[in-house]
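Note that the structure is a prediction, hence the values are computed from the model and not measured.
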Amino acid sequence: MSTDYKRIASDAMWSNNVVFAQMLALCPLLAVTGTATNGLGMGIATTAVLVASGLIVSILRNLIEPEIRIPAFVLIIAILVTLVEMLMNAWLHDLYKVLGLFIPLIVTNCAILGRAEAFASKVKVLPAAFDGLMMGLGFTFALVVLGAIREILGSGTLFANASLFLGDSFGFLEITVIPEYRGFLLLALPPGGFLVLGLLLAGKRILDARAARAEADGEDEERPAAKEIVVGN
């Protein structure tokens, strides 16, 4: 199990991103990304659960019997999600009214249980927490990007109602990108989420294929020079 922090970060943000590579947690992704603000709120809530669950699972990994590890992990995640839901209801009530229906679904987020089983239960506390943080940020990145595209094309705004989440001082984030735009309802609805997600996945595949070709071309260019050195000797 690799505990290389640079590798963990790059995997979480791109090559093994929860959404763009593992294709997990698509239900909350499509449900809440009508706006970038909703995506940011759900992403931060999920990140908090990922970090806390990674910490607790790593600490208890030698105490939990293998036969009951999955129910134990689910119980830990459910407790953490309940705490996050209560805190959001208390301190961010306006955002809770928008996301409250979907917050309990974090318990069934395959990405969280998957990281607890595949990583946190096998490594020490620090790499487990770092992996949870990076995986959460990668998931938040996907939510915000998808939400931003849907919001701009769907209603012509960006980070609408950000002040509900971040406070009145962050109201400057609320931008009208396309003035007097009448909106494109399809992109604001879940089918629009499928369309945008499909385009983003296709874009990632193209970028990965170009990077692989460039790397292969670079290796081919180095081979003749290596042969010349051998002959010269």
Side-chain angles (χ1 to χ4, degrees), residues 12-13 17-19 24-60 72-116 120 125-126 128-152 154-155 157-176 188 190 193:
M13 297 303 295
N17 183 279
V18 170
V19 174
L24 296 176
L26 297 186
C27 291
L29 177 88
L30 297 171
V32 306
T33 52
T35 69
T37 302
N38 291 353
L40 180 62
M42 177 60 85
I44 291 177
T46 304
T47 300
V49 175
L50 269 166
V51 174
S53 64
L55 272 171
I56 296 173
V57 168
S58 178
I59 291 171
L60 301 178
F73 295 164
V74 172
L75 179 62
I76 292 170
I77 294 168
I79 293 172
L80 293 171
V81 170
T82 302
L83 290 174
V84 168
E85 184 182 18
M86 295 173 68
L87 291 173
M88 184 175 286
N89 190 11
W91 298 101
L92 300 169
H93 187 66
D94 289 331
L95 185 65
Y96 173 79
K97 288 191 292 186
V98 177
L99 298 180
L101 178 64
F102 303 104
I103 294 298
L105 291 178
I106 296 176
V107 177
T108 61
N109 190 321
C110 301
I112 298 176
L113 183 59
R115 296 317 294 176
V125 173
L126 190 56
F130 186 74
D131 177 75
L133 176 62
M134 289 296 105
M135 281 293 168
L137 292 178
F139 182 55
T140 304
F141 170 71
L143 286 169
V144 173
V145 169
L146 187 64
I149 295 174
R150 290 180 63 189
E151 185 179 351
I152 292 173
S155 60
T157 62
L158 181 62
F159 284 106
N161 299 320
S163 57
L164 298 180
F165 175 55
L166 300 169
D168 294 336
S169 58
F170 287 86
F172 68 91
L173 290 175
E174 302 175 9
I175 302 172
T176 301

Given Val125 and Ile59, is the side-chain contact (heavy atoms from CB on, under 4.5 Å) satisfied, shown in steps? CA-CA 6 Å; Val125 173; Ile59 291 171; 3.7 Å; yes
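- Put simply, the side chain of Pro190 does not reach to within 4.5 Å of the side chain of Leu30, judged on heavy atoms.
- The distance from atom CG of Leu29 to atom CG of Leu143, rounded to the nearest 0.5 Å, is 5.5 Å.
- No side-chain heavy atom of Leu146 sits less than 4.5 Å from a side-chain heavy atom of Val19.
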For the pair Phe139 and Asn109, evaluate side-chain contact (heavy atoms from CB on, under 4.5 Å) and give the outcome as yes or no after the intermediate values. CA-CA 11 Å; Phe139 182 55; Asn109 190 321; 4.2 Å; yes
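- Nearest heavy atom pair, residue Cys110 against residue Leu24, reads CB-CD2, 4.0 Å.
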With side-chain contact (heavy atoms from CB on, under 4.5 Å) as the criterion, how do Leu50 and Leu133 come out once you've worked through the C-alpha distance, each side chain's angles and the decisive distance to 0.1 Å? CA-CA 7 Å; Leu50 269 166; Leu133 176 62; over 6 Å; no
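- Ile76 is listed as a side-chain neighbour of Val57, based on a closest heavy-atom distance under 4.5 Å.
- In this structure, Met88 CE and Ile103 CD1 are separated by 4.0 Å, a value rounded to the nearest 0.5 Å.
- Without hydrogens or angle criteria, Thr157 side chain to Ala160 main chain gives no donor-acceptor distance under 3.5 Å.
- The side-chain heavy atoms of Phe73 and Ile112, taken from C-beta on, include no pair separated by under 4.5 Å.
- Side chains of Leu113 and Val74 form a contact here, defined as non-hydrogen atoms less than 4.5 Å apart.
- The backbone N or O of Ala162 sits less than 3.5 Å from a side-chain atom of Glu174, completing a donor-acceptor pair.
- The shortest heavy-atom contact between Ile77 and Ile106 is CG2-O, 4.4 Å.
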Decide side-chain contact (heavy atoms from CB on, under 4.5 Å) for Met42 and Asn38; before the verdict, give the C-alpha distance in whole Å, the side-chain angles of both, and the deciding distance to 0.1 Å. CA-CA 6 Å; Met42 177 60 85; Asn38 291 353; over 6 Å; no
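- A pairwise comparison of heavy atoms in Val18 and Ala111 identifies CG1-CB, 3.5 Å as the closest pair.
- Counting heavy atoms from C-beta on, the side chains of Asn17 and Met135 never come closer than 4.5 Å.
- Side-chain atoms of Glu151 come within 3.5 Å of backbone N or O of Ala36 as a donor-acceptor pair.
- No donor-acceptor distance shorter than 3.5 angstrom exists from the side chain of Ser58 to the backbone of Leu55, with no hydrogens or angles considered.
- Side-chain contact between Val144 and Phe159 is present, with at least one heavy-atom pair separated by less than 4.5 Å.
- Taking the side-chain hydrogen bond (donor to acceptor under 3.5 Å, both in side chains) definition, one finds that Thr33 meets it with Arg150, sequence neighbours left out.
- If you take CG on Leu158 and CG on Leu173, they are separated by 8.5 Å, rounding to the nearest 0.5 Å.
- Side-chain contact between Leu105 and Pro28: absent, with no pair of heavy atoms (C-beta onward) separated by less than 4.5 Å.
- The shortest heavy-atom contact between Asp131 and Arg115 is OD1-NH2, 2.9 Å.
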